[in-house]
2 protein chains.
Amino acid sequence: MSEKGAAQGGLRERKKRATRAALAEAAVRLAAEHGAEKVTVEAISAAAGVSVRTFFNYFDTRDDAFVVIDADAGARMRQAVLDAPAALSPLQALREALAAELAEAEQQHELWRLHAQVVHASPHLLVRTLGAHMADETGLAEAVAARIRAGGPTASVSPPACATDEERRGALDLYPRLLAAVAGTAVRTSVEHWSARPEEAAFLDVFQEVFALLAAGLPAPPA
Amino acid sequence: MSEKGAAQGGLRERKKRATRAALAEAAVRLAAEHGAEKVTVEAISAAAGVSVRTFFNYFDTRDDAFVVIDADAGARMRQAVLDAPAALSPLQALREALAAELAEAEQQHELWRLHAQVVHASPHLLVRTLGAHMADETGLAEAVAARIRAGGPTASVSPPACATDEERRGALDLYPRLLAAVAGTAVRTSVEHWSARPEEAAFLDVFQEVFALLAAGLPAPPA
DNA sequence: GACATACCTTGCATGCTATGCAAAGATGCA
DNA sequence: TGCATCTTTGCATAGCATGCAAGGTATGTC
């Protein structure tokens, strides 16, 4: 757990990680300074020290550089769900996996803060970010389903055997799907509510309150 | 309730609605036939009988034409939440508002089916669609909050007095926000689960089961 | 009905985004 | 070292997106 994304793999792979991270960071910093609309791919590439063509080897779209800060956060969360203690309920396992990921993001605090600032500044990017998060939830749903089937932690996080999207969706039951989607929603709602007034409450408290509300079945107005 | 989006307003407004609808429909049909990537703005515009420049007067982006079929569905849902009987709990009011909107979409059955087909064919568009739906949830959260404050149905759906996004988010409490987000999640999860195997269960049954699971607090595996 | 007003559409010019291709450079491995 | 593999890069090209100004179409007033 000490060195997750550090000296993993050979030189080639490390360089790729570095380049990707450099591009993403350059994009966010430039956007925070000048506004996302005024930042061209050329500027981002120059700041990261690569050619424009290389930028498009890493990102399909200019906006992706603003949206996808950490490309393999999804994989880490899936693994965390699978590795969680067997004693935890599905909802609890998800809560812990997400909390761990949020704690890790906290270490890149400044960058994530800029990211949030950039994304909230243009509705366009906000939509893309929300959508990207939701796409991750499909992976989480698979992990939850596997966990339930196995009755405990599982070994691998390798991509499912299903070939098409059709099959993959068909293989998922309603419950894991709903659980993953709701958990993702819980995170986003917590983040949004907290970031509206960061001084009013600790983020972790908001996060726990949201999960408590969910576990209670969203009872009518608590006022 | 009989003529919602029909002969509303003057000729000018009707023409704009018609043009927008024609563009959206042309986009979806062309994409369903040739694949979204192969459909140019020029083709869409030609099919709708307008110039390319006019296309961009209605949509900021080419992809928007594939994503936003019904531009003011969000406003209708907000109004429905505000107009719901005072006896309903917030969760119930949301459920009814969403169910009504889904029923209306059923009348454009073929178009929505094509839309789903197009969107699920390219992950890119799926992400955008998911994000767009989530953006609507902010409006729903406002409606829920207003409903709770008023203790019953309210009159207007006019935009809130808040100037900035910052203020608007600050004005929202945790509970309405969570409720709206979770309800939106419920709809998407229902649609996805049902559309994976449409023959296995009626959509409305899936929809109701999801809300039942939510109201029960997402208890551990029902198996 | 004629007029002024406001709005919508359109073509043109322009700059940026995005992809395929082939050559050159960097890495991994025997 | 030498070969195979992967990555980077420049170039060419097509499509996306916006500002601007000219012309056309509804709307309200006289």
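Because the structure is predicted, anything quoted here is derived from the model rather than measured. Proteins get letters first, then strands, A, B, ... in listed order; numbering begins at 1 in each.
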Euclidean distance, atom NE2 of residue B/His34 to atom P of D/dG15 [Å, nearest integer]: 15 Å
Phosphate-side-chain proximity, A/Lys15 and C/dA26, N/O vs OP1/OP2 below 4.0 Å: no
Mutual orientation of the aromatic rings belonging to A/Phe59 and A/Phe55 [parallel < 30°, tilted 30-60°, perpendicular > 60°]: tilted
Distance test, side-chain N/O of A/Thr54 to OP1/OP2 of D/dT8, below 4.0 Å: no
Atom pair CD/CZ of A/Glu142 and A/Arg147 - distance to nearest 0.5 Å: 16.0 Å
Sugar-phosphate, base or nothing in reach of B/Arg62, heavy atoms under 4.0 Å: sugar-phosphate
Phosphate-side-chain proximity, B/Thr40 and D/dG15, N/O vs OP1/OP2 below 4.0 Å: no
Position toward the 5' end of DNA chain D (nearest nucleotide), B/Val41 or B/Glu13: B/Val41
Rounded distance (Å) that lies between atom P of D/dG10 and atom CD of A/Glu42: 11 Å
B/Asp136/B/Arg78 salt bridge by N-O under 4.0 Å criterion: no
Upstream residue (5' side of DNA chain D) when A/Lys16 and B/Phe55 are each assigned their closest nucleotide: A/Lys16
Touch class at under 4.0 angstrom, heavy-atom based, for B/Tyr58 against every strand present: sugar-phosphate
Face-on cation placement of B/Arg62 at B/Phe56 ring, 6.0 Å and 45° thresholds: no
Interatomic distance, A/Ile44 CD1 vs C/dC16 P [rounded to whole Å]: 13 Å
Sugar-phosphate only, base, or nothing, as touched by B/Val52 at under 4.0 Å among non-hydrogen atoms: nothing
Sugar-phosphate, base or nothing in reach of A/Asp60, heavy atoms under 4.0 Å: sugar-phosphate
Sugar-phosphate, base or nothing in reach of B/Arg53, heavy atoms under 4.0 Å: base
Short side-chain N/O contact from A/Thr19 to OP1 or OP2 of D/dT7, under 4.0 Å: no
Rounded distance in Å - CZ (B/Phe59) to P (C/dC8): 15 Å
B/Leu23 CG - C/dC8 P separation (whole Å): 15 Å
Minimum-distance nucleotide (side-chain atoms of A/Phe56 versus C/dC8, C/dT17, D/dA17): C/dT17
Rounded distance in Å - CZ (A/Arg20) to P (D/dC6): 18 Å
Euclidean distance, atom CZ of residue B/Arg14 to atom P of C/dC8 [Å, nearest integer]: 15 Å
Presence of donor-acceptor pair under 3.5 Å, side chain of A/Arg12 and base of D/dT5: yes
Geometric cation-pi criterion B/Arg128 and B/Phe66, 6.0 Å radius, 45° cone: no
Greater than 12 external heavy atoms within 6.0 Å of B/Glu101's CD: yes
Atom-to-atom span, CG of A/Asn57 to P of C/dA26 - whole angstrom: 17 Å
